[in-house]
Amino acid sequence: MALAVWALGFLILPVIDANNTGIDSLTAICRALGIAAPAKQAPSTQTAVPASMTAWDATTLDAVALGDPVAGAALAQDSCVACHDPNGLTTDPATIPSTTGQSARALYKQLSDMKRGERPNDVMKPILDELSQKQLADLAAYYSRLPRRNHDIHAIASARGGAIVLATKGDVSRALPACEACHGANAGGPLEVPMLTGQYPDYIAAQLRAYASGARKNDIYGRMRRIAGKLTDQEIKDVAAYYDAPR
Amino acid sequence: MTINNRLILAHLWTAFAAFGVAILLGLWQMWVRSPLAAPLSTPDNYYLSVTAHGSAMAYVLTTFFIMGFGYFVAESALKQALPAPRLAWAGFVLGIVGTVLVVATVLSGQASVMFTFYPPLSASPLFYIGLVLVVVGSWIWCALMIVAMTRWKKANPGTPVPLAMYATVANAILWLWTTVGVAAELLFVVIPAAFGWTQTVDVGLTRTLFSWTLHAIVYFWLIPAYIAFYTMAPQAAGGRLFSDLMARGSFILFLLCGLPVGLHHLFMDPEHSSGFKTVQMMLTVLVAVPTLLTVFTVTASMEIGGRLRGGKGLLGWIGALPWERPMVLATGLSFFMLWFGGFGGLINMSYGMNAMVHNTSWVSAHFHMIFGGSVVIMYFAIAYHIWPNLTGRLAPSLVLQRAQLWLWAIGMMVMSLPWHWLGLSGQVRRVAQFDYADPSISWWAPWMIMSVVGGGMLVISAGMFIWNLVSFHFERTGAAKPGPVEYARALHPGVPVPAALNGFVLWNAFVLVLMAAAYTYPIAQFFILKPPQAVVHRVDRTP
Amino acid sequence: MDTIKESGANIEEPASALLIQPVPSGAFALAGAAVALLLVAWLVMYFFTFLPRGPVG
Amino acid sequence: MAVDEISAVQNERRWALAMGGVAAVMLAAIVWAGLGLHMNPPSNIETVDPNTLHVAGEFAENNLGTHVDSAGKITTRIVTTQFAFVPECVVVPQDMQVTFRLASPDVIHGLIVVGTNVNTMVVPGFVSQVHTVFDKPGDLLMPCHEFCGLGHGQMVAHVRVVPIADFRPDGDGRVTCDN
């Protein structure tokens, strides 16, 4: 009885099914036994053009975790302070983001992507070209420890209802997750997502438009291009304003 | 009269308090899923609520109820004092501390990972530590149950252990085996990751270890209901237990077959082979055997009661049963819901057929029918049955007790039946919003509203249940005193019980062999394949 | 207000021996019908939902 | 043992045999579905690194979607990620065997193609593979069915089944919902 069960599970079912699934019998039995079958060559026809080469492998995770905030502070004083104030203020809120209160992973990814040109930025690229990956991790460590920018409590006292829904509930009819599903404080979303609270609304709106148009495309698997592309311009404005509202 | 009433009541009231809160969350969740506009319905709140509902029902209600009931059985069936009641209190305190940690982390939004907490999503470490404490508290209970039975056997050589206690110890041993999987998952993978000591986890390994626990835990929850079926319902019906030996056999089969089957929860997973899936499917078929035996034995036991009360003909005994007694009524309603829950389960365990329903509302329907229906209604009946003994007061109102049981069964059917066809038409579980404007699913709307109505009935029933128990405590003690709880006698008393059916040594050896055959390779596989690990995704702090 | 009279104890042993049938025909009928219905329901699912939904593997 | 108890056990044995018969019928049907009709759960144990999924290989962004290879084999590759299927819509031909290959770069996801037996978990670290044949044209809903985070409920995609005449791969063998 037991023998029949094992034979069925490990020999008969896999071998008969092998024909149907386009693998040979040996591979089928290997898989039934849970032994890794010989890897097939990935059948792809195009060369991959990744949105970003940043990958959270062990090396990168360790590098970011080991970033030195003291070295990062010195570097920031040298190279960044002209645009990025330690209090999160910038000289042009439409194009220069507040960099404080972000996770080191979020900062590191954007710095790396801009350095490689995956996120085009003519101002940042020459500066970053001078820096090593270790220095990027130091900068990320430094800025991640600075408190988030105080947002303007008078700016938008009343966010529009639609924006609140998009930000906190999402819209299943358009397959739009809530902004907070990734950007919230307890979201558990992708590792590199930035916090939006405390970010300049003009900057948020500009980035959403850049994602929608494809001008910015360093989001892995188009997570943001897809979402931004579904938003109306009014929704972009409203959602951006929502994140300036005090909470 | 039992001695440690305060200990038992503390456990049972903790269980029912958690139940009372969790059921309100359940109703709100149905409301959010329905087309009706629910307040506070954001994904944050919804998943917080689902985690709280699942954890409270599956871990707190069950564990505390089973422990409290076990202590009651140990005293009332063995008619001896509990060994080491202070240790029992220590277990209770551990469980309370654990529960507080779980509640605090979940309510503060630090643990919205569902009660199944599949990595690499990772909650606050305090959430997992809370769960561990609840389990450790229950391990103390297991040890005390085993010691109580061993002592009794020493004091009563040659007399079989009373069935209720034998089954309770079977459950304690089952639970010790069951928790090995999740304990290994928590201690070696999940908690180190939650503390940040490791940045990545082997997801396949954690799922496999959790599956070890995931099925047998259901039998841990279920066995108290079966103890009531075998030892309380026939007595309440004026019948006799049809066969004491078969009853023992059924509990042993639960212990043997409940464990090596967890892989059937992973039928749709890519990291397990068709070979082991097939083997565990076959073993899963075996686990239907003790339930099917129980259905027959208990029905035959009830038939004796009905015939002794004058029931004639093939089915005339059914009408002759004393349905006005809550225990009899609950047993009938429980069996009715068991049919639907069992049917759902048979589809789930049928290997390829699992693809129709895996992770859809069908599955929610199945375990609400089986657990929320068949099992929890017996928890109610057990509480009604033993509360006179615990409080020294007679039931204030059997009418209210019966009404509560009826409302529970009807509410459960109204709520959960539609989930079967909604699940078959692709309604997935653990989802807060549906696009009811989509013409392919707009027909779901009335069924979802029906589920809200059913949920409302369950909430009312739960409120009545709490009221019924509270009113015992305020009932004035009159001249009439409740007698001790009597357990059903066997139809043929004095039948010698073989030693194997009076202990567990042999069966533990069998479990070891079965678990080794069923799980060694599926776990070892991850150390051979060394699949790439996934980075931990924390839900309890800013990314 | 009704109360539970402890049941079971009032049955005389000799009487029970006389009344009870050697074969629990009622239990066979009731439980048998329930399980038969269960099998029918399972087969209905198998033939009318599972098989039409097409091959996978 | 008392004679009475023996008769009780005999009755139980009769019952257990009948139950064995019921179980045998079901098992036979399941095995027949598995062997004769190729209806088995997805069980290809094939590992893949979730952390570099997007950098290169078959799950890189521009390799996703439906592709017909030179031998005519149709493969649909989908990445399940927080909180979307990539791509959100895939095209498959009616009445032809299609192979779905799926992988996740982040957490556990799962999917069901409504009204079919296509159902699989997508576990980071492994490739999930399902073969099937769709016999009716139309847009089928494909929701995520395993809790993957706060955006789980909005993670919905579609499978567009088109008659073979309307299934036109481009020069590279790709078919998308846009064309």
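Contacts between D/N51 and chain B at a heavy-atom distance below 4.5 Å involve the side chain alone, from C-beta outward. Only the backbone of D/V127 comes within less than 4.5 Å of a heavy atom in chain B; its side chain stays farther off. When heavy atoms are compared at a cutoff of 4.5 Å, D/M39 approaches chain B solely by way of its backbone atoms N, CA, C and O. The contact between D/V48 and chain B is made entirely by backbone atoms, counting heavy-atom distances below 4.5 Å. For chain B, no part of D/D139 is nearby; none of its heavy atoms comes within less than 4.5 Å. Using a 4.5 Å cut-off between heavy atoms, D/I108 touches chain B through backbone and side chain atoms alike.
Ring planes of B/Y47 and D/H152: tilted class, angle from 30 to 60°. The aromatic rings of D/H145 and B/H358 sit perpendicular, their planes meeting at an angle over 60°, well past the 30° parallel limit.
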Trace of the side chain to side chain contact (heavy atoms under 4.5 Å, CB included) decision for D/I45 with B/Q525:
CA-CA 10 Å; D/I45 297 180; B/Q525 159 187 290; 3.5 Å; yes
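Put simply, the residue from B/N359, B/V428, B/T360, B/V431 that forms a side-chain contact (heavy atoms from CB on, under 4.5 Å) with D/P143 is B/V428.
Note that CG of D/L150 and OH of B/Y46 are 13.0 Å apart. Values are rounded to the nearest 0.5 Å.
The residue among B/T297, B/D438, B/N354, B/T200 with the most heavy atom pairs within less than 4.5 Å of chain D is B/T297.
Within a 6.0 Å sphere centred on CH2 of B/W443, other residues, nucleotides and ligands contribute more than 12 heavy atoms.
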